[in-house]
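Here's the structure we're looking at; comments come further down.
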Number of protein chains: 2
Amino acid sequence: MTETQVLNYALNQFAGIDAAAFELSAPYWQRKTYGKGEFYNEYKNVCKYLGFILDGVFRTYYIDDESAEEKNVFFFSKNQVVVAYKSFVTQTPCSYYTESMTESTVLYIHINHLTELYGKSHHWERFGRLVAETAFNLAMNRAEEFMFRTPEQRYLELIRNHPDIFNNVPLYHIASYLGIQAPSLSRIRKRMVGK
Amino acid sequence: MTETQVLNYALNQFAGIDAAAFELSAPYWQRKTYGKGEFYNEYKNVCKYLGFILDGVFRTYYIDDESAEEKNVFFFSKNQVVVAYKSFVTQTPCSYYTESMTESTVLYIHINHLTELYGKSHHWERFGRLVAETAFNLAMNRAEEFMFRTPEQRYLELIRNHPDIFNNVPLYHIASYLGIQAPSLSRIRKRMVGK
DNA sequence: CTATATTCTTAACCCAAGTTAAGATCGTCA
DNA sequence: TGACGATCTTAACTTGGGTTAAGAATATAG
């Protein structure tokens, strides 16, 4: 299966993009590989591309002014869209950094081309709406994790729902994602051995 | 100014809905008043209406299975849209309760009518997109408050950004919204007197 | 204006996460 | 294999929120 076929299949699964609709977009997709630590988009940059991850893991993080600490906000992995959503849809500077945590491969499309596709086919409009809903769900899930769950519950849910991330990311990055310090995660893990 | 004019003006401000586009929607808007404690939408119900608050304050809350506690998720007040967004766009049962905290007046429209309007005018499509973006921003802001701010910082930002809510809602509801218990909020307030 | 309910604060104690620094473990590559 | 860097755990101590229950302040209604 070629990379283009992988993309076509994934877009079909995600938003019912059929062969004809995909054909419209074909000239616009570009391919890029990222080294470990390379940025997909940086703080204060406007995110101009929507990416589809063929392989690899990305993280979006915030740098706290006061503590100067990095706080992980989202992880994105294989067969998912990677984008700084708010920056992308409003074309305003981003508050976050999004970097590759591994060697990664991405197919990406420019916002102008995507906007063009919206006008050409309701399949692509549907895609746009589904990306918006996905972004909302991602943000809302994150809010709910913090509002309703303890760090220990968040840790267990991460393992259950995102084993791919848990297995490919150092624990100190996991801790940051869970909103706690590395020693706290160690204590949680130790506590849980008894259970 | 009639209530309809208020609505027209607000929709124009929010999404550039002009007189002609508003005219299309006019037959669909209905009016309802809510007593204190009355529900806009309940847990397990599908949210079928998008509301515009002419007057009053609503809260959306979650009931924690374990603690059986109510946890406030969002407040909605005058001149804002009130809706259980995820339930509304996916037409699936809601995880939350949304209730009126005061005597309130709402103009609301059924999802089927709104969908109809999407097809009739790009102004309404634009409105739909902006509601989606608003919902995303609301959820993302909430996630960011919990990921990056302390309870004290969240308290100060609530006062600064939403004085209308701060001034019209009992402190124990504020505490719940901030993700802490009432005694903790009291301690925070006490600490701050010195500053 | 008092009685009553609601809301807010306080106190005492507990517990989990933060902080800092040291040391253990793991991986990797020369 | 052995040494270095990266990652993970542990310890000791601090800090702030949770919990419970009591009491103070504030609204509201009769």
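Side chains included, hydrogens not; waters and symmetry mates left out as well; all remaining heavy atoms used. In this text the structure is predicted, and so the values were computed from the model without any measurement.
- Grouped by direct or indirect side-chain proximity (heavy atoms under 4.5 Å, Ile/Leu/Val/Met/Phe/Trp/Tyr only), B:Ile63 sits with B:Phe39, B:Tyr43, B:Tyr61, B:Tyr97.
- Rounded to a whole Å, the CZ atom of B:Arg187 is 7 Å from the C1' atom of D:dG18.
- Counting only residues at least two apart or on different chains, the side-chain hydrogen bond (donor to acceptor under 3.5 Å, both in side chains) pairs with a member in residues 131-140 of chain A are A:Arg129-A:Glu133.
- In this view, A:Arg126 satisfies the salt bridge (charged side-chain N to carboxylate O under 4.0 Å, His left out) rule with no residue, not counting sequence neighbours.
- Remark: A:Arg142 pairs with A:Glu145 by the salt bridge (charged side-chain N to carboxylate O under 4.0 Å, His left out) rule, at least two apart or across chains.
- Counting 5' to 3', DNA chain C first comes under 4.0 angstrom of a heavy atom of chain B and last does so at the ends given by C:dT7 to C:dA12.
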Could you go through the side chain to side chain contact (heavy atoms under 4.5 Å, CB included) check for A:Val82 and A:Phe74 one step at a time? CA-CA 10 Å; A:Val82 58; A:Phe74 295 122; over 6 Å; no

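- Residues that satisfy the salt bridge (charged side-chain N to carboxylate O under 4.0 Å, His left out) test with B:Glu116, not counting sequence neighbours, are B:Lys120.
- Within the structure, no pair that satisfies the side-chain hydrogen bond (donor to acceptor under 3.5 Å, both in side chains) test touches residues 6-16 of chain B, not counting sequence neighbours.
- Every side-chain hydrogen bond (donor to acceptor under 3.5 Å, both in side chains) that A:Tyr155 has, sequence neighbours left out, goes to A:Arg189.
- Comparing the local axis fitted to the first five base pairs of the helix from C:dT9-D:dA22 to C:dA22-D:dT9 with the one fitted to its last five gives a bend of 40°, rounded to 10°.
- Residue pairs satisfying the salt bridge (charged side-chain N to carboxylate O under 4.0 Å, His left out) criterion with at least one member in residues 69-91 of chain A, sequence neighbours excluded, are listed as follows: A:Arg59-A:Glu70.
- The nearest whole Å value for the distance from the CE atom in A:Met101 to the P atom in D:dA6 is 15 Å.
- Residues from residues 166-186 of chain A lying near DNA chain D, meaning a heavy-atom separation below 4.0 Å, are A:Pro170, A:Leu171, A:Tyr172, A:Pro183, A:Ser186 in numerical order.
- Residues passing the ring pair (Phe, Tyr, Trp, His ring centres under 6.0 Å) test with A:His110, sequence neighbours excluded: A:Tyr49.
- Going from atom CD of B:Glu69 over to atom C1' of D:dT19 covers 10 Å, rounded to whole Å.
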